[in-house]
Amino acid sequence: MFVALVFAYASNLMMPVTHYGGAPAPIIFGAGYNTQNEWWRLGFIITLINLGIWIIIGGIWWKVLGLW
């Protein structure tokens, strides 16, 4: 159960990494709001922040709930 939940949550975190990773991403990228290099750089930073939040705060929360 624990591993299934981790995979379910982590699959949603990687959306901002690429300009085709999520449903609205191709529209935003195609409109020319930013370049591909900017998208990948910012996506990497946002993904690191997201993972940090999920691992640290989420881990503490799962401990409080008794799931871990």
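Below, each value reflects all heavy atoms present in this structure, side chains not excepted, and no hydrogens, waters or symmetry copies.
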Checklist entry - Do you reckon Trp54 sits in the same ILVMFWY cluster as Leu65, going by side-chain contacts under 4.5 Å, direct or chained? => result yes

Item to check | Pairwise distance CD1(Ile45) to CG(Asn50) - rounded to 0.5 angstrom | outcome: 12.5 Å

Let me have the donor-acceptor pairs involving side chains of residues 32-39, under 3.5 Å, with sequence neighbours excluded, atom names and distances please.
{"residue": "Thr35", "atom": "OG1", "partner": "Glu38", "partner atom": "N", "Å": "3.2"}
{"residue": "Glu38", "atom": "OE1", "partner": "Thr35", "partner atom": "N", "Å": "2.9"}
{"residue": "Trp39", "atom": "NE1", "partner": "Pro16", "partner atom": "O", "Å": "3.4"}
{"residue": "Trp39", "atom": "NE1", "partner": "Thr18", "partner atom": "O", "Å": "2.8"}

Checklist outcome for this item: In this structure, CD1 of Ile56 is separated from CG of Leu51 (nearest 0.5 Å) by 10.5 Å

Item to check | Residues, nucleotides or ligands: over 12 heavy atoms within 6.0 Å of Trp61 CH2 | outcome: no

Next on the checklist: Count I, L, V, M, F, W, Y as connected when their side-chain heavy atoms are under 4.5 Å apart, and connections chain through other members. Are Phe29 and Ile27 then in the same cluster?
Outcome noted: no

